[in-house]
A.B. asks: 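Let me give you the structure first, and then I'll get to my questions.
In what follows, every chain begins at residue 1, and chains take the letters A, B, ... in the order their sequences are listed. What you see below is based on every heavy atom in this structure, not just the backbone, and it leaves out hydrogens, waters and symmetry mates.
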There are 2 protein chains.
Amino acid sequence: MGIAERKHRQKQALRERILDAARRIVVREGFAALSMRKIADAIEYSPATLYLHFESRDHIAHALCAEGYAQLLASFAPLAQIADPAERLRALGRAYVAFGVAHPETYRLIFMEDPSYTGAALAGAAGVSEDDTAGDAALQIMIDALDELRGAGRLSGSVASTEPAVWAEALWASLHGIVALNLTCSVFPSAPLETLVGVTLDAWLGEPQAAGAGASTSAAGRGKKTAARRRPSTASSKHTAPEPATKRKAAGP
Amino acid sequence: MGIAERKHRQKQALRERILDAARRIVVREGFAALSMRKIADAIEYSPATLYLHFESRDHIAHALCAEGYAQLLASFAPLAQIADPAERLRALGRAYVAFGVAHPETYRLIFMEDPSYTGAALAGAAGVSEDDTAGDAALQIMIDALDELRGAGRLSGSVASTEPAVWAEALWASLHGIVALNLTCSVFPSAPLETLVGVTLDAWLGEPQAAGAGASTSAAGRGKKTAARRRPSTASSKHTAPEPATKRKAAGP
DNA sequence: GTCTATATGAGGATAGAC
DNA sequence: GTCTATCCTCATATAGAC
C-alpha cells in the first residue's frame with residue numbers, strides 16, 4: 001500500500017506548507033491580517049483547497065498556537081538543567097520574556113488574542129491529551145523549581161508561606177505583564193526590558209545570593225536614572241528567526 | 001447668538017449619543033464588533049452622519065479610550081487620601097485590578113488592543129496637553145507613593161536601591177499581567193484573583209506591617225490549597241455598571 | 001484532490017440630492 | 001445636517017467542473 005502512504009505524505013506536506021505560509025503572514029503582518037486568500041496566494045493554491053486541510057481559519061490559528069507554545073517550551077528545555085533552582089527560575093523568566101519580544105505576533109496570538117487560542121496551545125503541545133485540564137507544562141516547571149527551593153529552606157518571608165502553585169501563577173502574571181505591555185503600549189517601557197525583568201525577579205525571588213557560580217542576573221539589572229529608552233530590540237533568542245515588529249498604528253498623539 | 005449656541009449644544013449632544021452607543025457596543029460585544037453601521041443603527045441615524053462628528057472609527061475608539069482612562073483615574077482619586085503610602089499603594093493596586101475585571105472590554109481597548117489607543121487614553125485624560133510625553137498620571141501616583149515610602153525609610157532590600165520610576169513600572173506590569181491573563185486566558189486563574197493580587201503586592205511591598213490602623217490587605221490574601229476556582233466575578237467596583245463578560249470563543253479544547 | 005467561479009455578507013468611507 | 005445610494009475592499013465558504 002505504498003501509494004496510499006505517498007498520498008498521505010503529500011497531504012501532510014501541503015498541510016505544512018499552509019501552516020508555514022500562515023505563520024509567515026502572522027509574523028509579518030499580525031494575526032488580524034491572516035486571511036484564507038492571503039495564505040492561498042502565498043502557497044499558490046486556490047482558497048478552496050485550504051478547506052480540504054483545515055476546517056476554518058480558526059483551526060489554522062489553533063495549529064499555529066500549538067506550534068508556538070511548543071517552541072516556547074523548547075526554549076525552556078536546556079534551562080531545566082540548571083542545578084540551582086533560584087537561578088533556574090531566573091533563567092526561565094528571562095527566557096520567557098525573551099521569547100515574547102522575539103516573537104511578538106506569536107506571543108500575541110497565544111496569550112493575548114483569545115482564550116480558545118491559549119487553550120489550543122497548551123493542549124496541542126501537551127500531546128493530544130484530552131483530560132480535564134491538560135495542565136500547563138511551563139507552569140509546572142516553575143512550580144517544581146519553587147518546591148525545590150522551599151525544600152532547601154531558602155525562601156524568605158511571604159514567599160515561604162504561599163502555595164507554590166499560586167506563587168508560580170503570580171510570577172507568570174508578572175512576566176506576562178512585562179511582555180504584554182511591551183507589545184501593546186508604546187508608552188510603557190521607559191526603563192529597558194532587562195531592568196524590569198531583573199527588578200521583577202528580585203522582587204519574587206529575593207536578592208540573588210552571591211554564593212552561586214554563574215554570573216548572576218541582576219548585575220546589570222538595576223536601573224540607573226532610567227538610562228536607555230525604547231525597546232532595545234535585543235532579540236537575544238537563540239531560537240529561530242525573530243519576528244520583526246509589526247507596524248501597528250502610531251505611538252503617541 | 002443664541003441660535004449658534006443651541007446648534008452647538010445639539011451637535012455636542014449627538015456626539016455624546018454616538019459615544020454612548022459605541023461604548024455600549026464595545027462593552028457588550030467587544031471592540032472587534034464595533035462598526036459604524038451598528039452605531040448608526042443604535043442611534044437611529046444613517047452611517048454617513050457619524051462622519052460629521054468623527055473622522056473615522058478609530059477616532060471614536062480614541063474617544064472611548066480617553067473616557068475609560070478618566071474613569072480609571074476617577075476610581076483612584078479617593079484612594080489618594082490614604083495616609084500610609086504602603087496601604088495607599090496596596091489600595092491602588094487592588095482598585096486597578098478591580099477596574100480591569102469590572103470593565104473587561106474597556107480595559108482591553110485601552111491597554112491590550114493597540115498602542116495608539118493607549119496613547120490616546122493617556123493624552124486624552126491628561127487634558128489636551130500635547131507636550132512630548134503626556135506622562136501617565138496613574139503611574140505618577142504610584143511613583144509619588146513610593147517616594148514617600150522611601151523617604152520614611154520603610155523599604156527593604158532590593159526595593160530600596162531601585163529607581164522609583166522603574167519600580168512603579170514593574171509593579172504596574174505585574175498588575176497588568178494579572179488582569180490581562182484573567183481577561184484572555186481562561187486557563188489562568190486557578191487561584192482566585194484576590195489571592196494573586198495579595199501575593200503580588202506582598203512581593204513588591206513586603207509583608208504589610210501590623211502597625212497600621214486599617215485592616216490589612218493580605219488577611220484573606222494567602223492561598224490555602226488553591227481553594228476556589230474560576231473568576232469570582234467580584235465586581236467590587238463602586239464605579240459605574242460593570243461590563244458583563246463578552247462571549248469569546250470557548251475555553252478549553 | 002484541485003481548481004474556477006461564485007454566493008453571501010460584512011465592513012469603511014464618500015458623493016450628491018434634499 | 002441629514003439622508004439615500006453607492007463604491008470599494010475584504011472576508012468565509014461552497015458548488016460543480018476537471
A.B. asks: Can you see if the side chain of Lys7(A) gets near the phosphate of dG1(C) - specifically, an N or O under 4.0 Å from OP1 or OP2?
C.D. replies: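 So the side-chain polar atoms of Lys7(A) never come under 4.0 Å of the phosphate oxygens OP1 or OP2 of dG1(C).
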A.B. asks: Whether Arg57(A) engages the ring of Tyr117(A) as a cation-pi pair (distance to the six-membered ring centre under 6.0 angstrom, angle to the ring normal within 45°) should be assessed.
C.D. replies: no
A.B. asks: How many whole angstroms separate atom NE2 of His8(A) from atom C1' of dG1(C)?
C.D. replies: 15 Å
A.B. asks: Using distance only, find each side-chain donor-acceptor pair of residues 165-177 of chain A under 3.5 Å and give its atom names and separation, not counting sequence neighbours.
C.D. replies:
| unit_1 | atom_1 | unit_2 | atom_2 | d |
| --- | --- | --- | --- | --- |
| Glu169(A) | OE1 | Ser190(B) | OG | 3.3 |
| Glu169(A) | OE1 | Ala191(B) | N | 3.4 |
| Glu169(A) | OE2 | Ser190(B) | N | 3.4 |
| Glu169(A) | OE2 | Ser190(B) | OG | 2.3 |
| Trp172(A) | NE1 | Tyr96(A) | OH | 2.7 |
| Ser174(A) | OG | Ala170(A) | O | 3.2 |
| Ser174(A) | OG | Trp204(A) | NE1 | 3.1 |
| Ser174(A) | OG | Ser174(B) | OG | 3.1 |
| His176(A) | ND1 | Tyr107(A) | OH | 2.7 |

A.B. asks: Any salt bridge linking Asp41(B) with Lys38(B)? Criterion: basic side-chain nitrogen under 4.0 Å from a carboxylate oxygen.
C.D. replies: no
A.B. asks: Please pick, from dT2(C), dG1(D), dT2(D), the nucleotide with the shortest atom-to-atom distance to any side-chain atom of His53(B).
C.D. replies: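 Nearest to the side-chain atoms of His53(B), counting from C-beta on, is dT2(D).
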A.B. asks: Just how far, in rounded Å, is P of dT4(C) from OH of Tyr45(A)?
C.D. replies: 12 Å
A.B. asks: Is it the case that over 12 heavy atoms from other parts of the model lie below 6.0 angstrom from the CD atom of Glu55(B)?
C.D. replies: no
A.B. asks: Polar-atom pairs under 3.5 Å, protein N or O versus N or O of nucleotides 13-18 of chain D: list them with distances, or write none.
C.D. replies:
| unit_1 | atom_1 | unit_2 | atom_2 | d |
| --- | --- | --- | --- | --- |
| dA13(D) | OP2 | Tyr51(A) | OH | 3.3 |

A.B. asks: Measure the distance from CD1 on Ile60(B) to C1' on dA13(C) and round it to the nearest whole Å.
C.D. replies: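 Distance, rounded to whole Å: 12 Å.
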A.B. asks: Is it true that the NZ or CZ of Arg15(B) lies under 6.0 Å from the centre of Tyr45(B)'s six-membered ring and within 45 degrees of the ring axis?
C.D. replies: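 Relative to the ring axis of Tyr45(B), which defines the angle, Arg15(B) lies outside at least one limit.
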A.B. asks: Run the salt bridge (charged side-chain N to carboxylate O under 4.0 Å, His left out) test on Asp20(B) and Arg17(B) for me, step by step, so that the C-alpha distance in whole Å, both residues' side-chain angles and the decisive distance to 0.1 Å come before the verdict.
C.D. replies: CA-CA 5 Å; Asp20(B) 279 353; Arg17(B) 285 191 62 196; over 6 Å; no
A.B. asks: With a 6.0 Å cut-off (strictly less than), is the heavy-atom count around CD of Glu44(B), excluding the residue itself, greater than 12?
C.D. replies: no
A.B. asks: Should Thr49(A) be listed as having a side-chain N or O under 4.0 Å from OP1 or OP2 of dC3(C)?
C.D. replies: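 Yes, because at least one side-chain N or O of Thr49(A) sits under 4.0 Å from OP1 or OP2 of dC3(C).
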A.B. asks: Quickly work out the Leu50(B) CG to dT2(D) P distance and round it to whole Å.
C.D. replies: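 Whole-Å distance recorded here is 11 Å.
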A.B. asks: Indicate whether OP1 or OP2 belonging to dA11(D) is found under 4.0 Å from a side-chain N or O atom of Ser35(A).
C.D. replies: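 Checking Ser35(A) against dA11(D): at least one side-chain N or O falls below 4.0 Å of OP1 or OP2.
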A.B. asks: For Ile39(B) and dA13(C), what is the distance between atoms CD1 and P respectively, to the nearest whole Å?
C.D. replies: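 Those two atoms, CD1 and P, are 11 Å apart.
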A.B. asks: I need the CZ-P distance between Arg17(A) and dG1(C), as an integer number of Å.
C.D. replies: 16 Å
A.B. asks: Round to a whole Å and report the spacing from CZ of Phe54(B) to P of dG1(D).
C.D. replies: 14 Å
A.B. asks: Starting from P on dG1(D), measure out to CD on Glu44(B) and report it in whole angstrom.
C.D. replies: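 Those two atoms, CD and P, are 21 Å apart.
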